[in-house]
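Residue numbers count from 1 along this sequence.
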Amino acid sequence: MFKGFYNLTSGMLSQGRRLDVVANNMTNISTAGYKADRYTDSTFDEVLYYRIGNKNRLSDAEMGNITHILAPSQLYTDYTQGTFEETELSLDFAIQGEGFFAIQGEDGIAYTRSGSFILDDERYLYLTNQGRVLDNQGNPIQLYTDHITADKDGNLYSEEGGNYLGTLGVYTFADNGELERNDQGLFVGEGAQVGQGHQIMHKWVERSNTDMIGEMVRMMSTQRALQSAGQMLKIYDQVMNHATNDLGRM
């Protein structure tokens, strides 16, 4: 009977973790370029039971398997492309296709799909609170004006005179699943290469790929599972108290 405590307690912990992931996705529903996280759980190594034959004790027969607790299996990111929204802001960009913008921050280079940029005090293209945007050579992009145009390859030009100002760097990875999200919400990883086959959309941003309705459904189902496990734990506690205090005296 005590095994039920393992099942229910681990289930509550797992559902609580799932609820945290859902809440974070919903919080970032309006964050440009945000990629939703997904949480899965599994079991610890299964406990196997065997039935030994009455006559031939060398011929074990598997009866089945059982496990007592859940454990976090994987927290992975859904890199599905979000929808695009036109902003008419000259420093907004979106990537249609694979790839990430590279940002030079205090802790090194990180990557993002968010292309909602500004100019910092020294007129470098900048992602707010994160760092400077890098070009296709890995260098920060300095613009002397925000009155710019851009082509589909990410080449930047001044509106007046059409002077070339730089090229937005778009970087790809062999496996996006190897990337990790840092504390600032950007992605870090090794093996970045200058991407090909993408298209830069000027004065557009990519919205979060979070499905609000889907997240609400997951939130409600997770809350119900959490509440059910809590109620069952109370019942188990009452049954064990009865078994210990009353039946144990007989």
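Classified by interplanar angle (parallel below 30°, tilted 30° to 60°, perpendicular above 60°), the ring pair Tyr111/Phe100 is perpendicular.
Checking side-chain atoms of Gln130 against main-chain N and O of Gln184 turns up a donor-acceptor pair under 3.5 Å. In this structure, Arg18 contributes its side chain and Met219 its backbone to no donor-acceptor pair below 3.5 Å. For the pair Gln96 (side chain) and His198 (backbone), a donor-acceptor distance under 3.5 Å is absent.
Counting heavy atoms from C-beta on, the side chains of Met216 and Met26 come closer than 4.5 Å. Side chains of Thr77 and Arg38 form no contact here, defined as non-hydrogen atoms less than 4.5 Å apart.
A salt bridge is absent between Arg123 and Asp146; no separation between the charged side-chain nitrogens and carboxylate oxygens falls under 4.0 Å. Salt bridge annotation for Glu98-Arg113: absent, with no cationic side-chain nitrogen under 4.0 angstrom from a carboxylate oxygen.
For the 3.5 Å distance criterion, the side chains of Thr210 and Ser208 qualify, holding a donor opposite an acceptor. Residues Asp92 and Thr87 have side chains that bring a donor and an acceptor to within less than 3.5 angstrom of each other. A donor-acceptor pair shorter than 3.5 Å cannot be found between the side chains of Asn209 and Thr80.
Heavy-atom contacts from other residues, nucleotides or ligands closer than 6.0 Å to CD of Gln196 number 12 or fewer. Within a 6.0 Å radius of CZ in Arg224, no more than 12 heavy atoms belonging to other residues, nucleotides or ligands are found. Summarising the local packing, CD of Glu180 is surrounded by 12 or fewer heavy atoms from other residues, nucleotides or ligands at distances under 6.0 Å.
Here the closest non-hydrogen pair linking Val188 and Ala110 is CG1-CB, 3.9 Å. Here the closest heavy-atom approach between residue Leu179 and residue Gly189 is recorded as CD2-CA, 3.8 Å.
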How far apart are the C-alpha atoms of Asp37 and Asn25, what are their side-chain angles, what is the distance that settles it, and do they pass the side chain to side chain contact (heavy atoms under 4.5 Å, CB included) test?
CA-CA 7 Å; Asp37 283 330; Asn25 288 339; 4.0 Å; yes
Run Phe117 and Phe93 through side chain to side chain contact (heavy atoms under 4.5 Å, CB included) and show every step you take.
CA-CA 8 Å; Phe117 304 136; Phe93 304 90; 3.7 Å; yes
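The distance from the OG1 atom of Thr31 to the CG atom of Asn24 is 9.0 Å, given to the nearest 0.5 Å. Between the CG atom in Leu91 and the NE2 atom in His202 there is a gap of 7.0 Å [rounded to 0.5 Å]. For the atom pair CD1 of Ile200 and CG of Asp151, the computed distance is 9.0 Å after rounding to the nearest 0.5 Å. Of the inter-residue distances, the one linking Lys35 atom NZ with Asn176 atom CG reads 10.0 Å to the nearest 0.5 angstrom. Glu206 contributes atom CD, which lies 9.0 Å from atom OG of Ser114 (distance to the nearest 0.5 angstrom). Distance OG/Ser158 to OH/Tyr144: 12.5 Å, rounded to 0.5 Å.
Note on Leu143 and Tyr126: separate hydrophobic clusters, where clusters join Ile, Leu, Val, Met, Phe, Trp and Tyr whose side-chain heavy atoms are under 4.5 Å apart, directly or indirectly. Both Val194 and Phe173 sit in one connected hydrophobic cluster of ILVMFWY residues. Membership requires side-chain heavy atoms under 4.5 Å apart, directly or through other members. Under the 4.5 Å side-chain heavy-atom criterion for ILVMFWY residues, no single connected hydrophobic cluster contains both Val205 and Leu186. Placement of Leu119 and Leu165 within a single hydrophobic cluster is found when ILVMFWY residues are connected by side-chain heavy-atom separations under 4.5 Å, directly or transitively. Cluster membership for Met201 and Ile95, using ILVMFWY side-chain heavy atoms within less than 4.5 angstrom, is not shared.
Taking the six-membered ring where the residue is Trp, the centroids of Phe101 and Tyr171 are separated by 6.0 Å or more.
When each of Val133, Leu134, Asp153, Asn136 is checked for a side-chain contact (heavy atoms from CB on, under 4.5 Å) with Leu168, only Val133 meets the rule.
Partners of Tyr34 according to the ring-ring contact (aromatic ring centres under 6.0 Å, His included) rule, which considers only residues two or more places apart in sequence or in another chain, do not exist here. Residues satisfying the ring-ring contact (aromatic ring centres under 6.0 Å, His included) criterion with Tyr79, sequence neighbours excluded, are Phe187.
A cation-pi arrangement is found for Arg132 relative to Tyr124, the charged atom lying closer than 6.0 Å to the ring centre and inside a 45° cone about the ring normal.
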